[in-house]
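Read the numbers this way: they start at 1 and go in the same order the structure lists the ligands and their atoms.
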Amino acid sequence: MKYQYPIHPWEITEKVFRPENLRESESVFALGNGFIGMRGNLEEGEATGAETVQGTFLNGVFDSEPIVYGETAYGYAKNHETICNVMDAKNLLILVDEEALDMGTSCVVSHSRTLDLRDGVLRRHIMWTTESGATVDVQLERLVSLTRQNLAATRLRLRCLAEGCLVSLRSELAPAVISEGDPNDPRGATGKDRRLVTEKLAAEGGRIAMQQRTKNTGFIINCAAEHRSELPSETKADAGKAVWTATTMLDVGEELSLEKSICYTASRMGEPDQWDAALRGAADAPTFDELAKEQRAYLDAFWEEAGLEIQGDDALLQGLRFNLFHLLQSVGRDGRRNIAAKGLTGEGYEGHTFWDTEAYILPVFLYTQPELARKLLEQRYSILPKARQRARVMGHDKGALFPWRTIDGEECSAYFPAGTAQYHIDGDIAHAVWEYYTVTEDLDFLARCGAEILAETARLYYDLGFFSEEKAGRFVLNCVTGPDEYNVMVNNNVYTNSVAEENFRSAAAALTLLREQRPADWRRLRTELALEAEEPEDWLRAAEKMYYPAARDGIYPQDDGFMDRKPWPLDSIPAEKHPLLMHYHGLTIYRHRICKQADLILAMTQYGERYTLEEKKKNFVFYDGITTHDSSLSMAVFSILANEIGERALAYDYFMSSARLDLDDMHRNTKDGLHMANMAGTWNCVTKGFGGMRCREGRLSFAPVCPPQWQGYGFRVQFRGRLIQIRCTAAGAEYRLLRGEPLTIESYGEPVELR
Ligand code: BGC
């Protein structure tokens, strides 16, 4: 195995600058805090001979444009929302004796970049000899504050080691550079010119500031950067830019330093512009050291709560921590912002949120930082009105249909067979709401938002399906696409029917709970939703009668017509033809019995009680043989089920193929941003896979196994106000209650009292 970065349990370090790897490393070294996201771009921006993807994003800040269809039809998604690449404040040009630092051409004696996962600071260290003969030692640091949503900071320390020299620095706020997307890759950015309109510029003292407005959505974005240094400096604002410059002579042994405090604010059309808040935010920002100290304390607490350990494989531990760290950096924290498929690390998938949030990412936060899980669900609740409107467009008189891909709630998928048709998104959200309630017992949330989501999604499924005479009165859901995007618009996709069934039951249960425990909320909801008395009964009847395609010879078809499709043996497809979506027309793919990603396997993992162990084993082998894993969301799920059925070697292999997927750029598209769902999937593999963690009907259970490759591993989960530590070695599992009231859990099927 070739690792891209040296193994270290807490650090990601690049020791040699590799121009061919710049775009990937910019994703790997990205920093963020759920609001601000900065790609790991070099301060000087470009390096001669290397391709770069410049990026600074604000979560939830997007522009929108009408989708241009050559041929259109009723109900197609109308607009495309795209996350904005906003003005960049992390830049700093360094000139020594008028030679600009350029990693492609400068004589760089040594270089390193390190992302420290313990303090969340990105550090760069360069030793550089100029053509004039001066040698300087340059240290650059950057952080995006995890404790203060609007703040980021950079620091430069430059020491002259040989030959006195003239040092000039230049920092600017200018409209963002637009990166070119790959027009042939549907997973990337469109690379379209999404100009933001500059509204204001300011330059005064050590401060520069800029205000921009999105062309069509009217977001106002402000950025102010306060430069703190002893250097004689100048600022000016003209020609569309605000610029700060400083020049000084340095003698041998002398050092200069500069701190740049950056504040971003954003407001929506109609809200007060937050220009002054940005100026004040930058001016009053704590020093770099103070921010770094807060950051460290925040992350210490985060790592302590997560308690993730692997003994005997530091490369793996590095990968897992890297994944958790990036999830934390990308997740929205205010109930107005979600988490994009690529987080805040790149423009891939245009900054859209998918089912990735609920099916993969939310469980990680639910068990480690439950309040962040709640915020994600609150964001979904905030777009419920749009989901209702969408349901009407889609021909449903009742209920809400959440968008397949979106930033702000509007359906943005221009390709409905693999987009809007993925009706399982409603069930994924419903599943997450119910799981959140089960794990936290947060009745307030259920009363405020959760029950309403559950009722509206249940209504949607009830309207979508019907009791079919053809299927002996069973409830069927036709013409939907399941998670597996290589089998579209099918009847009775097992996963979709499973989440719908759960949704029917959880919606009815939530309403009963409210009626019994929060009668006032129940009455309010009943009125607001114009809920008819028989609706919950109808849902329960549909759940009871839910249809699932019958197994033949023990194999469950993923949907009604799955077994009728033409076989396409995986070993007949040349390696260079993967991923199939890049090399075959959709119709070619859809006619074949081949899978992009885990679908039935996911149903068997999530609703395991419905299948026997033998069935799981048989179906695992079958679907393993026909799944391409062309989606990064696939392997983690296979690993989890492999563990459950005792296929230890496969569980380990699948897990190892996803644990460092981005760190080692295994899918060769890390440049577009990191794969958040896969990253979360690896935490799920440790806890639900190797740890055998399940939460069914309010009971938390574990069945930990330790792969022979490790000496041991451990993790911590929060459950109903408790913090529980699980450790496992070859000798067995050990549980400790670190916080909260005594609790009975299950270990390998036996009750264990934790106190
Ligand atoms: C997968 C989807 C996923 C999306 C965004 C696609 O390739 O098939 O399941 O939601 O990527 O990550």
K.L.:
Hey, is ligand 1 close enough to Trp404 that some N/O pair sits below 3.5 Å?
P.N.:
no

K.L.:
How would you list, by chain and number, every residue that makes a ring pair (Phe, Tyr, Trp, His ring centres under 6.0 Å) with Phe322, sequence neighbours excluded?
P.N.:
His326

K.L.:
Which residues pass the side chain to side chain donor-acceptor pair (under 3.5 Å) test with Thr457, sequence neighbours left out?
P.N.:
Asn503

K.L.:
Atoms of ligand 1 less than 4.0 Å from Lys596 heavy atoms?
P.N.:
1 (C), 6 (C), 7 (O), 8 (O)

K.L.:
When you measure from the side chain of Tyr486 to the backbone N and O of Leu581, does any donor-acceptor pair fall under 3.5 Å?
P.N.:
yes

K.L.:
Identify whether the distance between the nearest side-chain nitrogen and carboxylate oxygen of Asp665 and Arg23 falls below 4.0 Å.
P.N.:
no

K.L.:
Where on His675 is there a heavy atom closer than 4.0 Å to ligand 1, on the side chain, on the backbone, on both, or on neither?
P.N.:
neither

K.L.:
Would you mind finding which of Trp355, Tyr349, Phe354 brings a heavy atom closest to atom 9 (O) of ligand 1?
P.N.:
Trp355

K.L.:
Using a 4.0 Å cutoff against the non-hydrogen atoms of Ser631, which atoms of ligand 1 qualify?
P.N.:
1 (C), 8 (O)

K.L.:
Pick out which of Glu647, Glu644, Glu609 makes a salt bridge (charged side-chain N to carboxylate O under 4.0 Å, His left out) with Lys616.
P.N.:
Glu644

